[in-house]
2 protein chains.
Amino acid sequence: MRPDMPTASDLSSHLGYWLRYVSNHVSHAFALKLGSCDVTVAEWAILRELYGDDHRAPSHVAHKLGLTRGAISKLADRLIAKGLATRTASASDGRAQTLALTAGGRRLVPKLAALADRNDAEFFGHLGPKQRSAVERILKEIVRIRGLKSTPID
Amino acid sequence: MRPDMPTASDLSSHLGYWLRYVSNHVSHAFALKLGSCDVTVAEWAILRELYGDDHRAPSHVAHKLGLTRGAISKLADRLIAKGLATRTASASDGRAQTLALTAGGRRLVPKLAALADRNDAEFFGHLGPKQRSAVERILKEIVRIRGLKSTPID
DNA sequence: TATTGTTATACTCTATAACTATA
DNA sequence: TATAGTTATAGAGTATAACAATA
């Protein structure tokens, strides 16, 4: 370091930086695993969402995942093309649609979840249960706080 | 939840999932702030790297940031086009290059760091100092462990 | 042959904005 | 007019692989 250099705060201290660094690598490793099932990380997020909460409006999924409706629309197209999900028009509201898993999609989710388990173990397996749950709690807390604060996404 | 549904491990328990969720939002919010200085998040990572460790080989930067040389090459092009960095041929090795900040680039880093500070505060400001340093330690530890394990990136 | 870097190509991810159809 | 959803467009981010120059 140069003694005459402005500190620029402490460059190594931004949590966002390390979060992005680690997240990029965790997601990339996971993407390689999911690739063996021809599914991407973003697709997995939707499958996972629909698995617990089937027949949902695209806008609901968008809100849950923190994405725009346009993004969900495109991802849903891919899932449908792969035979993993369906899109159904609502009977009561001509504008509304519903997303759901096909039988194949539903069967696939536990397999993908096993890959997610393995990926998690590779990156976080060394953490003790207390550390692990502390991280999980902190992340979910941020989502909660930001979720309340956030203006509608589009 | 459907009582007959296979558990698929616990879908809400993948740290990688929450990490990606939070990281995406933190990075997006940061990108909006950096946009006011016409800098992207990936460009910031390089500027930040060169600020503390100037005149570095692209391959060194790639290794530090966990990216490929091709990715650095493209990002460096953009930084050079913006007048924030320079690329210099090595005298001793005809293949080697060196990246460094321009005076303007060096002046810009503290401003960007202030934006990073602000972004961090928005997302992590509610954490106590102990929580904060715990998260930081855990993230850096993962980088350390994975760094040792990882095969060269290309 | 091995290494440093660049370039060409291709995808995913995601947003914004315009648009369609319905309410 | 407002809302649900789709589509068009665009750009960031990144990888892989082929390539050129040098060692």
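Just so we're clear, the structure is a prediction, and the values are computed from it rather than from any experiment.
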Trainee: Could you pull out all residues at least two apart from Glu49(A) that satisfy salt bridge (charged side-chain N to carboxylate O under 4.0 Å, His left out)?
Mentor: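 Partners of Glu49(A) under the salt bridge (charged side-chain N to carboxylate O under 4.0 Å, His left out) test: Lys64(A).
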Trainee: Less than 3.5 Å apart, any donor N or O on the side chain of Arg107(B) or Thr102(B) sitting next to an acceptor on the other?
Mentor: no
Trainee: Heavy-atom nearest nucleotide on DNA chain D for Asp93(A) versus Glu43(B): which residue maps closer to 5'?
Mentor: Asp93(A)
Trainee: For dT12(C), does OP1 or OP2 lie under 4.0 Å from any side-chain N or O of Thr40(A)?
Mentor: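 It does not, given that no N or O in the side chain of Thr40(A) lies less than 4.0 Å from OP1 or OP2 of dT12(C).
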Trainee: Check whether any side-chain N or O of Asn24(A) sits under 4.0 Å from OP1 or OP2 of dT14(D), and answer yes or no.
Mentor: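 Yes, Asn24(A) has a side-chain N/O under 4.0 Å of OP1/OP2 on dT14(D).
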Trainee: How many Å lie between CD1 on Ile46(B) and P on dA12(D), as a whole number?
Mentor: 14 Å
Trainee: So, is Arg20(B) near the phosphate of dT14(C), with a side-chain N or O under 4.0 Å from OP1 or OP2?
Mentor: yes
Trainee: Please confirm whether the shortest side-chain N or O distance from Arg87(A) to OP1 or OP2 of dA4(D) is below 4.0 Å.
Mentor: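 Arg87(A) to dA4(D) OP1/OP2: no side-chain N or O under 4.0 Å.
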Trainee: Under 4.0 Å, counting only non-hydrogen atoms across every strand here, what does Ser73(B) touch: a base, just sugar-phosphate, or nothing?
Mentor: base
Trainee: Indicate, yes or no, whether a donor-acceptor pair under 3.5 Å links the base of dG5(D) to the side chain of Arg69(A).
Mentor: yes
Trainee: So, does Asp120(B) use its side chain to make a donor-acceptor pair with the main chain of His14(A) at under 3.5 Å?
Mentor: no
Trainee: Could one point to a donor on the side chain of Lys74(A) or the base of dT6(D) with an acceptor on the other under 3.5 Å away?
Mentor: no
Trainee: Find which nucleotide of DNA chain C each of Ser59(B) and Ala42(A) is nearest to by heavy atoms, and output the residue with the more 5' nucleotide.
Mentor: Ser59(B)
Trainee: Please name the residue in the list Val109(A), Leu108(A), Leu112(A) that meets the side chain to side chain contact (heavy atoms under 4.5 Å, CB included) test with Tyr51(A).
Mentor: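 Filter result, single survivor: Val109(A).
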Trainee: Heavy-atom nearest nucleotide on DNA chain D for Arg95(A) versus Asp77(A): which residue maps closer to 5'?
Mentor: Arg95(A)
Trainee: Mind checking if Ala57(A) touches a base, just sugar-phosphate, or nothing, with heavy atoms under 4.0 Å?
Mentor: sugar-phosphate
